[in-house]
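First comes the structure, then the notes that go with it.
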Amino acid sequence: MWSGRFREPLDPAFEEWQRSFPFDVRLLPQEVAASKAHARAIAAAGILTEAELVKMLDGLDRVIPFALEEAGAVSGLTPGAAAAIVALHPEAEDIHHFVELTLTKVIGDLALKLHTGRSRNEQIATDMRLFVRDAIDETLAGTVAWREALVDQAQAAGEAVMPSYTHLQRAEPVLIAHWLLAYVAMLERDFSRLSDCRARLNLCPLGSGAIAGATLKLDRTIAAEALGFDGPTTNSMDATSDRDFAIEFTQAVATIGLHISRFAEELTLHSTAEFGFLDLPERYSTGSSAMPQKKTPI
């Protein structure tokens, strides 16, 4: 990937240390998607002919199947398949280099045109946004499913009551539905935080170049629309360095984790002999080698 200035080969230990492919291989689907969007943008700028664009897009669609076949993987890009891909390609410096190498195997030297007018700085910024956006969508779906399950249980509980607690002391009688819907309220805040994060990250860095814009006059809306972004980022310097969205996502997920932990703790507490409010299924419980009468929540 390097050219121009460097004449001396990298120290082998340093080369291995700065190689990110073992970590960013998980971005393979996002890198392929972003590369397809960039191909469309440079075709619109006259860098690729229509025939070359068709060949490029077809080749990019074949990158992941080709890589998986090389690695002998049969179940998609699992952690094992990713590790096998990395092991087979010690020459690949990062995910961007790997896709370029694989695309070259698939379609030949035309693959080298794909890097025209873009920088790895904007590539990783785009891949990361796509990756986090996918993770947000998956997490949002999970919060919705949990919320719906809680509402169903609250409706099924009807007018059934239970004691509420403060400082582990019995306080006032409440509906079981009231307890369950407290978690619905938490999940609604979790959903809102994730949605806000998604809205802020959903701008496309492609066309930002290394820091000060592309070397070609590209229509940035082409790539943004192809990737489902709301539009291009507004400042190239910010776009290539921004990782706020990743921090926001981890903060939001940490809060969800606290809510999951609290719910699990209350289920555990309520299933004890001292409380006896619920009986957990055996498939979600473990035992004790010394005390076989015990049924312990996982």
- Item | Where A34 and D127 come nearest, the two heavy atoms and their spacing | CB-OD1, 3.7 Å

- Side chain to side chain, M186 and T255, heavy atoms closer than 4.5 Å: no

- Item | Under 3.5 Å donor-acceptor, D24 side chain and D94 backbone | no

- Task: Flag yes if V25 and F98 sit in one hydrophobic cluster, no otherwise; membership is Ile, Leu, Val, Met, Phe, Trp, Tyr, and two members link when side-chain heavy atoms are under 4.5 Å apart.
- Result: yes

- Item | Heavy-atom closest pair, residues R40 and A226 | CD-CB, 4.4 Å

- Task: Mark yes when over 12 heavy atoms from residues, nucleotides or ligands other than F277 sit less than 6.0 Å from its CZ; otherwise mark no.
- Result: yes

- Task: Can you see which heavy atom on A125 is nearest to which on A239, and at what distance?
- Result: CB-O, 3.5 Å

- Item | Working for side chain to side chain contact (heavy atoms under 4.5 Å, CB included), residues L114 and E100 | CA-CA 8 Å; L114 181 59; E100 181 179 280; over 6 Å; no

- Would you indicate whether the side-chain heavy atoms of L77 and I64 approach each other to under 4.5 Å? no

- No-hydrogen, no-angle side-chain donor-acceptor test under 3.5 Å, H89 and E91: yes

- CD of E188: more than 12 outside heavy atoms within 6.0 angstrom? yes

- Walk me through it: do T233 and R220 pass the test side-chain hydrogen bond (donor to acceptor under 3.5 Å, both in side chains)? CA-CA 9 Å; T233 50; R220 297 185 63 209; 2.8 Å; yes

- Query: Any sub-3.5 Å donor-acceptor pair from S271's side-chain atoms to L267's backbone N or O?
  - Reply: yes

- Going hydrophobic residue to hydrophobic residue with side-chain gaps under 4.5 angstrom, can you get from V63 over to V54? no

- Query: Within a strict 4.5 Å, meaning less than it, do heavy atoms of the F229 and L130 side chains meet?
  - Reply: yes

- Task: Please name all residues satisfying side-chain contact (heavy atoms from CB on, under 4.5 Å) with S288, sequence neighbours left out, ordered by chain then number.
- Result: A290, M291, K294

- Lys/Arg N to Asp/Glu carboxylate O, R133 vs D137, below 4.0 Å: no

- Item | Shared hydrophobic cluster for F245 and L227 (ILVMFWY, side-chain gaps under 4.5 Å) | no

- W179 side chain reached by M162 side chain, heavy atoms, under 4.5 Å: yes

- Start with the C-alpha distance between E70 and K105, add both sets of side-chain angles, then the distance that settles side chain to side chain contact (heavy atoms under 4.5 Å, CB included), and finish with yes or no. CA-CA 12 Å; E70 267 193 330; K105 291 179 184 178; 3.1 Å; yes

- Nearest 0.5 Å, what's the CG-CD distance between L269 and E274? 9.0 Å

- Message: Looking at T250 and I247, would you say the former's side chain and the latter's main chain have a donor-acceptor pair under 3.5 Å?
- Response: yes

- Message: Check for me, please, whether L194 and L150 land in the same ILVMFWY cluster - side-chain distances under 4.5 Å, paths through other members count.
- Response: yes

- Message: Looking at P281, is its backbone amide N or carbonyl O close enough to the side chain of S285 to form a donor-acceptor pair, meaning the two atoms are under 3.5 Å apart?
- Response: yes

- Message: Using a 3.5 Å distance criterion without hydrogens, assess whether the side chain of H178 forms a donor-acceptor pair with backbone atoms of A154.
- Response: no

- Task: Would you kindly say whether E266 and Y165 are connected by a side-chain donor-acceptor distance under 3.5 Å?
- Result: no

- Query: Within the distance-only criterion (no hydrogens, no angle test), does the side chain of T143 pair as donor or acceptor with the backbone N or O of L140 below 3.5 angstrom?
  - Reply: yes

- Task: Would you indicate whether R26, at its atom CZ, is surrounded by more than 12 heavy atoms from other residues, nucleotides or ligands within a distance under 6.0 Å?
- Result: no

- Message: Nearest 0.5 Å, please: how far is CZ in R262 from CD in E265?
- Response: 9.0 Å

- Can you tell me how far the CZ atom of R243 sits from the CZ atom of F249, to the nearest 0.5 Å? 15.5 Å

- Is it true that R120 and E93 make a salt bridge, defined as a side-chain N closer than 4.0 Å to a carboxylate O? yes

- Task: Could you tell me whether R193 and E248 have a side-chain N and a carboxylate O separated by less than 4.0 Å?
- Result: no

- Message: Is the ring pair Y183/F263 parallel, tilted or perpendicular, if the boundaries are 30 and 60 degrees?
- Response: perpendicular

- Message: If you count heavy atoms of other groups shown closer than 6.0 angstrom to CG of D11, is the number above 12?
- Response: yes

- Task: Take L180 and V151 through the side chain to side chain contact (heavy atoms under 4.5 Å, CB included) test and state the conclusion after the steps.
- Result: CA-CA 8 Å; L180 291 167; V151 170; over 6 Å; no

- Task: Please examine the side chains of V161 and V174, heavy atoms only from C-beta on, and report whether any two atoms are closer than 4.5 Å.
- Result: no

- Test side chain to side chain contact (heavy atoms under 4.5 Å, CB included) on E52 and L57 and set out the steps. CA-CA 9 Å; E52 286 176 328; L57 295 177; over 6 Å; no

- Message: How close do A223 and L206 get, counting heavy atoms only, and between which atoms?
- Response: CB-CD1, 3.8 Å

- Task: Of all the heavy-atom pairs spanning G213 and S236, show the shortest one and how long it is.
- Result: N-OG, 3.6 Å

- Message: Between L68 and V32, is there shared hydrophobic-cluster membership here, with clusters defined by ILVMFWY side-chain heavy atoms closer than 4.5 Å?
- Response: yes

- With side chains defined as the heavy atoms from C-beta onward, is the minimum distance between I136 and T139 less than 4.5 Å? no

- Message: I'd like to check L181 versus L175 (side-chain heavy atoms, cut-off strictly below 4.5 Å). Are they in contact?
- Response: no

- Item | Neighbour count >12 (heavy atoms, 6.0 Å) for atom CD, E69 | no

- Can you find a pair of side-chain heavy atoms, one from T221 and one from P232, that are under 4.5 Å apart? yes

- Note on the structure: Rounded to the nearest 0.5 Å, the NZ atom of K36 sits from the CG atom of D58 at a distance of 9.5 Å

- Is there a donor-acceptor contact under 3.5 Å from the side chain of S164 to the main chain of E172? yes

- Message: When you measure from the side chain of N235 to the backbone of D238, do you find a donor-acceptor pair of N or O atoms at a distance under 3.5 Å?
- Response: yes

- Message: Can you see whether R118 engages T215 through a side-chain donor-acceptor pair at a distance of less than 3.5 angstrom?
- Response: no

- Is it true that a side-chain atom of S20 and a backbone atom of F23 form a donor plus acceptor pair closer than 3.5 Å? no

- Query: What's the spacing between F131 CZ and L201 CG if we round to 0.5 Å?
  - Reply: 12.5 Å

- Verify, without hydrogens or angle tests, whether E122 (side chain) and S119 (backbone) share a donor-acceptor contact under 3.5 angstrom. yes

- Which heavy atom in I256 sits nearest to a heavy atom in D190, and how many Å separate them? CG1-CG, 3.5 Å

- Message: Looking only at side-chain N and O atoms, does Q123 offer a donor or acceptor that is under 3.5 Å from a partner on H38?
- Response: no

- Message: H96 vs E31, test: side-chain hydrogen bond (donor to acceptor under 3.5 Å, both in side chains). Steps then yes/no.
- Response: CA-CA 7 Å; H96 321 301; E31 175 67 13; 2.9 Å; yes

- Task: Flag the pair W146 / H259 as yes when their ring centroid distance falls below 6.0 Å, and as no otherwise.
- Result: no

- Rounded to the nearest 0.5 Å, what's the gap from CD1 on I95 to CG on L28? Could you check? 4.5 Å

